[in-house]
Number of protein chains: 2
Amino acid sequence: MNELPSRKTLPRLDESLLKHLPPFSRLERREIRAILDQATSRRYDVGVAIFDEGAVAERFFMLLDGYVRVVRITPTGEQVTALHIPAGQLLGIAKAIGKDTYPATAMTATDSVVLSWPTRLWGRFVSEYDGFSTETYKTVGKRLGELNNRIVEMATLQVEQRVANAVLRLINQTGRKVEDGIEIDFPITRQDLSELTATTLHTVSRLLSGWEKQGLVQSKRKRITVLDPHALVVLSQG
Amino acid sequence: MNELPSRKTLPRLDESLLKHLPPFSRLERREIRAILDQATSRRYDVGVAIFDEGAVAERFFMLLDGYVRVVRITPTGEQVTALHIPAGQLLGIAKAIGKDTYPATAMTATDSVVLSWPTRLWGRFVSEYDGFSTETYKTVGKRLGELNNRIVEMATLQVEQRVANAVLRLINQTGRKVEDGIEIDFPITRQDLSELTATTLHTVSRLLSGWEKQGLVQSKRKRITVLDPHALVVLSQG
DNA sequence: CAAAATCTTTGTCCCAGCGCAAACTCCGGC
DNA sequence: GCCGGAGTTTGCGCTGGGACAAAGATTTTG
């Protein structure tokens, strides 16, 4: 993950922050300037909630750096992770789907930097900024597709395959090349993985141990490095 | 389900068909007339595909009567049902989420009647018709929410609870009061239910038999009647 | 640097529910 | 009214992986 100035207010926001991000990429410098001037920037430590399921959606967000887990909490207190959102995507866009409250909780999976705007600006963004709404709906579509895939996965695959898939997805989205393989770019516990794959941390632990013995992965506390992605792909296919 | 003229062309489409459906409800008679004049109406027998996953999205649809299952087929040929869509909703709206192909297959769960328009009209509908896009995105949001719920459900509930939930959802969406309870308003097999709940038809059969012995439901071939919804709710809570 | 908290590993037990197999029932068609 | 196919029921054996338990390892805190 990139190094970022922590805690203290960021220096005046630079246009280049947004220029290359799809929802804004068609805009002119002047427009981006206006958007930035209305934004609030904030840094969150790992493991805190950016917003909570059910809360009134007072703001919408752009994740500038870090990763966010979208989780839902069941009546019995279990957490289920629905999605991982990488930097560069909008989140908390309840308005885009006609809701006034957030449909899930967003927790930082790493220290993260986020811009946000009051929801009342949503309508203006949609109507005034070329490409904003199109790109937004592409994001929504992508997430729909991912949820759909996870349902199919959970319905048809065994735990080992699901975990393999989850790890592969994570290294695709967030992988970083390291000396001897590809490492998941943020700290992730067995528990986290189990919440992503609908199993228990014990089972995940056993699987990772097994894979490590076979030389497919290497893992320390909160870190997973994939040494042999291809073998994992094979595993994930059943 | 209503009786409908089969196969042959329907009589001239009446404005009242659309007037009360959310995406069109804010429109004036004249606008609805124009929309109808551009629509193709078609009746589908039960069990056929309206469109297939991956196909180029040449048209989008409004389900006027019947029920549609949104299914995905895995590499190994298993079917997983992601959603049930009741009459009155749009479907095949790939354009709304920035896609050019359909993200899943839509199969009729009953004989159904569907209007459709060429995708190239999508842009015009969105820009010209007041409320159309808002309502459409609400639909998308609703589906996102449902998928989300199903993930949570599959991640945390036992099979019996999932099946109970599925049955309850179906009677909520599509239930019809009959003499001694509420019946699911379309033919549904054990197999269908198992595809909705990620289990096997055998397990579903056993569960239904059990429930029937306890007097909670009554079922014949392709028909399920819930006699004691409350008891099912209790079951579904674990 | 000791103590506490967090994360991980591993062992043992056990059962929900799947796979397989076979029989039964209902329905539509000829 | 009989036949064939689709849908359903039920029995039985097996196993993936969850539950519970406990100990180790690593990091954080005071």
Side-chain angles (χ1 to χ4, degrees), chain A residues 45-48 74 76-80 107 109 111 153-167 184 186-214 217-225 235-236 238, chain B residues 45-48 74 76-80 107 109-111 153-164 166-167 184 186-214 217-225 235-236 238:
Chain A
D45 285 330
V46 61
V48 307
T74 68
T76 63
E78 291 158 284
Q79 287 197 3
V80 180
M107 303 252 294
D111 294 354
E153 217 176 81
M154 288 180 44
T156 61
L157 302 185
Q158 311 259 97
V159 168
E160 180 165 37
Q161 304 170 45
R162 296 207 302 269
V163 176
N165 268 321
V167 171
I184 294 177
F186 59 84
I188 184 165
T189 67
R190 315 290 186 241
Q191 175 73 32
D192 293 336
L193 258 182
S194 75
E195 286 171 4
L196 258 177
T197 51
T199 177
T200 61
L201 82 158
H202 305 276
T203 299
V204 171
S205 178
R206 278 182 244 271
L207 286 171
L208 286 177
S209 298
W211 295 348
E212 184 143 17
K213 275 194 194 98
Q214 298 168 50
V217 304
Q218 192 161 13
S219 71
K220 340 182 187 76
R221 186 175 236 243
K222 293 193 179 186
R223 289 272 148 211
I224 299 174
T225 307
L235 258 189
S236 75
Chain B
D45 284 329
V46 61
V48 307
T74 69
T76 63
E78 290 158 282
Q79 288 196 4
V80 179
M107 304 252 295
T110 60
D111 295 353
E153 216 176 83
M154 287 180 43
T156 60
L157 302 186
Q158 311 257 93
V159 169
E160 179 165 38
Q161 304 170 46
R162 296 207 303 270
V163 176
V167 170
I184 294 176
F186 59 84
I188 184 165
T189 67
R190 313 291 187 245
Q191 176 72 32
D192 293 336
L193 258 182
S194 75
E195 286 171 4
L196 259 176
T197 51
T199 179
T200 62
L201 81 156
H202 305 278
T203 298
V204 171
S205 178
R206 278 181 246 271
L207 287 171
L208 286 178
S209 297
W211 295 348
E212 183 142 18
K213 276 194 192 98
Q214 297 166 52
V217 305
Q218 191 160 15
S219 72
K220 343 181 186 75
R221 186 174 237 244
K222 291 192 180 188
R223 289 272 149 208
I224 299 174
T225 307
L235 258 188
S236 75

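No hydrogens, no waters, no symmetry mates; every other heavy atom, side chains included, goes into these values.
Using a distance-only test at 3.5 Å, with no hydrogens or angles considered, a donor-acceptor pair links the side chain of A:R223 to the main chain of A:I184. Side chain of B:S205 to backbone of B:L201: no donor-acceptor contact under 3.5 angstrom is found.
Between B:T199 and C:dG17, a side-chain N or O to OP1/OP2 separation shorter than 4.0 Å is absent.
One can place CG of A:D192 at 12 Å from C1' of C:dT6, the figure rounded to the nearest angstrom. Per the geometry, CD belonging to B:Q191 stands 13 Å off P belonging to D:dA6, to the nearest Å. Distance B:M154 CE to D:dG18 C1': 17 Å, rounded to the nearest Å. With rounding to whole Å, B:E78 atom CD is found 13 Å from C:dG19 atom C1'. At whole-Å resolution of the value, CD in B:Q158 and C1' in D:dG18 are 10 Å apart. Going from atom CG of A:L207 over to atom C1' of D:dG17 covers 9 Å, rounded to whole Å. The distance between atom NZ of B:K222 and atom P of C:dC27, rounded to the nearest whole Å, is 11 Å. In this structure, CZ of B:R162 is placed 10 Å from C1' of C:dG17, rounded to the nearest angstrom.
Counting non-hydrogen atoms under 4.0 angstrom, A:L201 reaches a base of the nucleic acid. Across all strands shown, B:S205 has heavy atoms under 4.0 Å from base atoms, whether or not it also approaches the sugar-phosphate. Looking at heavy-atom distances under 4.0 Å, B:R190 makes contact with sugar-phosphate atoms alone, never a base.
A distance of 7.5 Å separates CZ of A:R206 from NE2 of A:H202, quoted to the nearest 0.5 Å. Taking CD1 of A:I224 as the reference point, atom CZ of A:R190 lies at 5.5 Å (rounded to 0.5 Å).
No hydrogens or angles were tested; on distance alone, nothing pairs the side chain of B:R223 with the base of D:dG7 as donor and acceptor under 3.5 Å. In terms of polar N and O atoms assigned as donor or acceptor, the side chain of B:H202 comes within less than 3.5 Å of the base of D:dT10 in a complementary pairing.
Residue B:R206 places its side chain closer to C:dC20 than to any other of C:dC20, D:dG17, D:dG18. Listed candidates were C:dG17, D:dG18, D:dG7. Nearest to the side chain of B:V159 is C:dG17. Checked against C:dT10, D:dG7, D:dT10, the side chain of B:T189 finds its nearest nucleotide in D:dG7. Checking D:dG17, D:dG7, D:dC20 against the side-chain heavy atoms of B:R221 singles out D:dG7 as nearest.
The residue among A:E160 and B:S209 whose nearest nucleotide of DNA chain D lies closer to the 5′ end is B:S209.
Looking at heavy atoms from C-beta onward, A:K222 lies in side-chain contact with A:T189 at the 4.5 angstrom threshold.
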